[in-house]
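What follows is one structure encoded as structure tokens, with my remarks underneath.
Counting begins at 1 with the first residue of the sequence. For ligands, and for the atoms within them, numbers begin at 1 and follow the listed sequence.
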Amino acid sequence: MAATDLERFSNEEKRNLSLGGHVGFDSLPDQLVSKSVTQGFSFNILCVGETGIGKSTLMNTLFNTTFETEEASHYESTVRLRPRTYDLQESNVHLKLTIVDAVGFGDQINKDESYRPIVEYIDTQFENYLQEELKIRRSLFNYHDTRIHVCLYFITPTGHSLKSLDLVTMKKLDSKVNIIPIIAKADTISKSELHKFKIKIMSELVSNGVQIYQFPTDDEAVAEINSVMNAHLPFAVVGSTEEVKVGNKLVRARQYPWGVVQVENESHCDFVKLREMLIRVNMEDLREQTHTRHYELYRRCKLEEMGFKDTDPDSQPFSLQETYETKRKEFLGELQKKEEEMRQMFVNKVKETEAELKEKERELHEKFEHLKRIHQEEKRKVEEKRRELEEEMNAFNRRKVAMETLQSQSLQATSQQPLKKDKDKKN
Ligand code: GTP
Ligand code: MG
């Protein structure tokens, strides 16, 4: 097709046509629903809140079942993430539900790093998904998606204000996950205090720039309820799996000496609102937001970090092949630079060693010369001593000879004397 034809074709207005009869593509949504139902769904909830705040109880209450609950101790040295996956079924819909507990959150004396394991966990799930996407033979169809769809952030019902740990953690998480803040154990705080506490929390979140999940208002069917519910955040919830008889009905409630707090009574707490928003109205939006907003952001940053880009500096499309070539060149260049650096380092090292060896040789030579001088000096002294001794010996010998001569002369003299005496006598 000629270029002008192509242009004309793409610029052509789309025309609306009416059908002569039933064709059947109106069953497409049903096909989609049927396919999704067969495939099943996965939903992953992250519970962040201090030990004993009521996380497990709330999960049990929300899904009306008993998940394994293993109490955490207050002596964890760091925060650790504990995921548990369950297969749930309601009518013909299968839900693979993963509940991730941030065990030990808020229990360390130094809480500076408390958010880090949580962020790392979320990123690891994104990374796993990205790796699956990048595989040549990928199987996203039956991939167990472990990306966190929602973080329920349990706020302690102090009635005061948010703790800095809450603000820091939520700030670190807000670009990675949909956060729904909830005030836990809301039965422990009075109605007027709760009202003020909610306002305080929201204003603190806004002033600290923490982005919490907003129930979507773009779909007409749920816009109204969602915007009403947005105004109720954070939800003040009460959890209980205990059943209490109220009137002639058994309801889930917490019983106190002064009365009964009914979990599903909207004038007692916001549990129903939370369940409605989290499970019945916005579960799919939470899943979608996770994929299109949070995962997309992670993927973009990660790919850019790896050197991938959509356009070159002249805003021209940049293909994967070109990215690969550029990266390869960059890598080879860097390798060469590194090689050159190593070679230079090696040469310098050799030079250094050579200089060191020369210095050592010079020192040895000096030492040798010094020793040689000492030796010569000693030799000279010994020689002198020897000469002196020789002279002494000569002198001694001379004296000895003289003595001997003298002795023999005196001997001679004494032997001649009697003869003379005899001669004298004879005369
Ligand atoms: P860890 O997993 O050990 O961190 O605890 P958790 O946050 O899962 O708390 P859990 O659900 O085990 O509840 C701890 C205690 O709080 C239990 O005694 C619950 O009965 C109680 N509890 C749970 N929810 C509520 C609530 O809404 N109000 C009140 N007053 N107590 C609650
Ligand atoms: Mg628990």
*Look at R380 together with E384 and state whether they make a salt bridge at an N to O cut-off of under 4.0 Å.*
yes
*Are E296 and R299 ion-paired here, with the side-chain N under 4.0 Å from a carboxylate O?*
yes
*Determine whether Y298 and L303 make a side-chain contact, defined as any pair of heavy atoms from C-beta on separated by less than 4.5 Å.*
no
*asked:* Below 30° counts as parallel, above 60° as perpendicular, anything between as tilted: where do the rings of Y295 and F126 land?
replied: tilted
_Lys/Arg-Asp/Glu bridge criterion (N-O < 4.0 Å) met for R252, E242_ = no
*Between E383 and R386, is there a side-chain N and carboxylate O pair less than 4.0 Å apart?*
yes
*Would K273 count as a cation-pi partner of F235, with NZ or CZ less than 6.0 Å from the six-membered ring centre and within 45° of the ring normal?*
no
*So, K135 and E132, do they make that salt bridge, N to O below 4.0 Å?*
yes
_Pi-cation contact, Y143 with R138 (under 6.0 Å, within 45°)_ = no
*Which parts of the protein, at residue level, reach under 4.0 Å of ligand 1 through a heavy atom?*
T51, G52, I53, G54, K55, S56, T57, E71, A72, K185, D187, T188, V238, G239, R254, Y256
*Under 2.8 Å from the Mg ion (ligand 2), protein N/O/S atom count?*
1
